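Everything on this sheet refers to the single structure shown next.
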Amino acid sequence: MSNTKTPTSPTLQSRSLKAIWHPCTQMKQHETQPLLPITRGKGVWLYDSDDNGYIDGISSWWTNLFGHTNPQINAAIRDQLEKLEHTMLAGYTHGPVIELSERLNKLLSGTLGHCFYASDGASAVEISLKMSYHYWHNCNQSQKNKFVCLQNDYHGETLGALSVTDVAIFKEVYAPLLRPSTCVPTPDWRYAEAGEPPEDYALRAAAALEKHLQAHHAETAALIIEPLIQGAMGMGMYHPVYIKRAREICDQYHVHLIADEIAVGFGRSGTMFACEQADITPDFLCLSKGISGGYLPLSVVMSSDKIFDAFYDDRTSHTFFHSHTHTGNALACRAALATLDIFEQDNVIETNRAKTNYLNQVAQPISDHPKVKDFRNCGMIWAFEVETKDHNFANNFFQIGLSHKLLLRPLGNTVYFMPPYVINEEEMDLLVNGTLHILNSLDT
Ligand SMILES: *Cc1c(COP(=O)(O)O)cnc(C)c1O
């Protein structure tokens, strides 16, 4: 690549490559491609060891909401650090975890009043699957032990989460280790027939779900979905009517609905939670990523009274014995509380709407670009496919992006923007213009 920028830091490079097995990476690629050594962050910007700034266009794996080194979140963590850093949550409790649970409950109008914490997204998914099955077990229906997910869904990469994930590159090798589950057709409108409106296609996909549950409800514990946006498989977007129908069908056939809002929760979809757009409540809601503003590992599974009550008993067999060491970590909870404070005081959902409109406007030339297909937007996520014959497109795009001050990591030939919410108009202009430059400099 002629345009490639190579941050110089041979010492950090070689030490990192020697000591760290980096995630989601073929380590051999770093024989030729340098790592990006990040030394500091401020707002949407990350700076390398030569102090070159880059816009964090994907919010550091979809987690950062209010910028790096956000003064308010920093102050909350500092304050907490002087009081209590961590304590176990079995038999103990503490202020930050109580306040966080109460505030999350309030955001969901009390419908999912029981918060079970873990440290990462995949663990939250594991918890929701185990809780769902255990509920049926406690109700003397242990035969309900199968799970259904959507074609192209991603729910994490531990063995349980991977078994309800439909992303071949993450799953294929491990197939012998996984418990089979069923994938029903995706409502992603990119799969619609030519001329078929997204809503009609979503209803058609829902009909396929209904057909499956009609035949298999007796052995099915739960349907798990990524509401509105299927992230890892290229930001597939779908009409909320699918979620509405899925709720009705699950109710009809006595199957739980698990909403995995690990990526789309906390405003990403344009509402605080994506399920609001379908006006439904799931039986389990999984949250993580943005929950602590992207600061500290934290996840939660929220469930209804009905679920909770089926475990409330004198019998040990009815107890949910799942445990994670750092469950409800006090520092992470304080970061989450500061994050919720910012949502309230800055009226973030409203403010983001104006930003969404602005970016949609300035991104029109991307949408119209001859190499671009299916430009789409939902809330604070934008995505489009690039027509290219380059087998190394994602990596080449990333590399050229660096010379335009952009950190973007396409998924295959899908380019997406998922910036921190603090991005301003000038930074959105940089994001769009940089992307147009990259598109024009690609040899396809
Ligand atoms: C990221 C993600 C997960 C897994 O979260 P980790 O913290 O990476 O384990 C699960 N589901 C969805 C929808 C995600 O985007």
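Just so you know, ligand 1 is whichever comes first in the structure, and atom 1 is the first atom listed for that ligand. Source: prediction; values computed, not measured.
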For atom 6 (P) of ligand 1, the protein heavy atom that lies nearest, with its residue and separation | G121 N, 3.4 Å
Is there at least one pair of N or O atoms, one from V125 and one from ligand 1, spaced under 3.5 Å apart?
-> no
Test: D374 and R376 ion pair at under 4.0 Å | no
Show your reasoning for whether salt bridge (charged side-chain N to carboxylate O under 4.0 Å, His left out) applies to R103 and E99.
-> CA-CA 6 Å; R103 284 176 70 176; E99 193 187 337; 3.4 Å; yes
May I ask you to check whether Y133 and F147 place their ring centers less than 6.0 Å from one another?
-> no
Does A75 offer a backbone N or O that forms a donor-acceptor pair with the side chain of D79 under 3.5 Å?
-> no
Could you tell me which atoms of ligand 1, counted from 1 in the order shown, lie closer than 4.0 angstrom to a heavy atom of A263?
-> 15 (O)
Please say whether S288 places an N or O atom under 3.5 Å from an N or O atom belonging to ligand 1.
-> no
Quick one: look up the protein heavy atom nearest atom 12 (C) of ligand 1 and list residue, atom name and how far away it is.
-> D260 OD2, 3.4 Å
Going through the distances and angles, do K42 and D56 end up as a salt bridge (charged side-chain N to carboxylate O under 4.0 Å, His left out)?
-> CA-CA 10 Å; K42 186 84 204 137; D56 187 359; over 6 Å; no
Could you tell me whether atom 8 (O) of ligand 1 has at least one protein heavy atom nearer than 4.0 Å?
-> no
Distance from atom 1 (C) of ligand 1 to nearest protein heavy atom, with residue and atom = K289 NZ, 1.5 Å
For ligand 1, is any non-hydrogen atom under 4.0 Å from E226's backbone (N, CA, C, O), its side chain (CB onward), both, or neither?
-> side chain
Hey, does W62 sit under 4.0 Å from ligand 1 if you only count heavy atoms?
-> yes
Nitrogen or oxygen of G156 less than 3.5 angstrom from that of ligand 1 = no
Any idea which atoms of ligand 1 are less than 4.0 Å away from a heavy-atom of A122?
-> 4 (C), 5 (O), 6 (P), 9 (O)
Begin from the C-alpha positions of H137 and S142 and carry the test side-chain hydrogen bond (donor to acceptor under 3.5 Å, both in side chains) through to its verdict.
-> CA-CA 4 Å; H137 175 85; S142 308; 3.2 Å; yes
Applying a 4.0 Å heavy-atom criterion (strictly less than), which segment of I262 is in contact with ligand 1: side chain, backbone, both, or neither?
-> side chain
Note: R204-D200 ion pair, threshold 4.0 Å (strictly below) = no
Backbone N or O of S123 within a donor-acceptor pair of the D120 side chain at under 3.5 Å?
-> yes
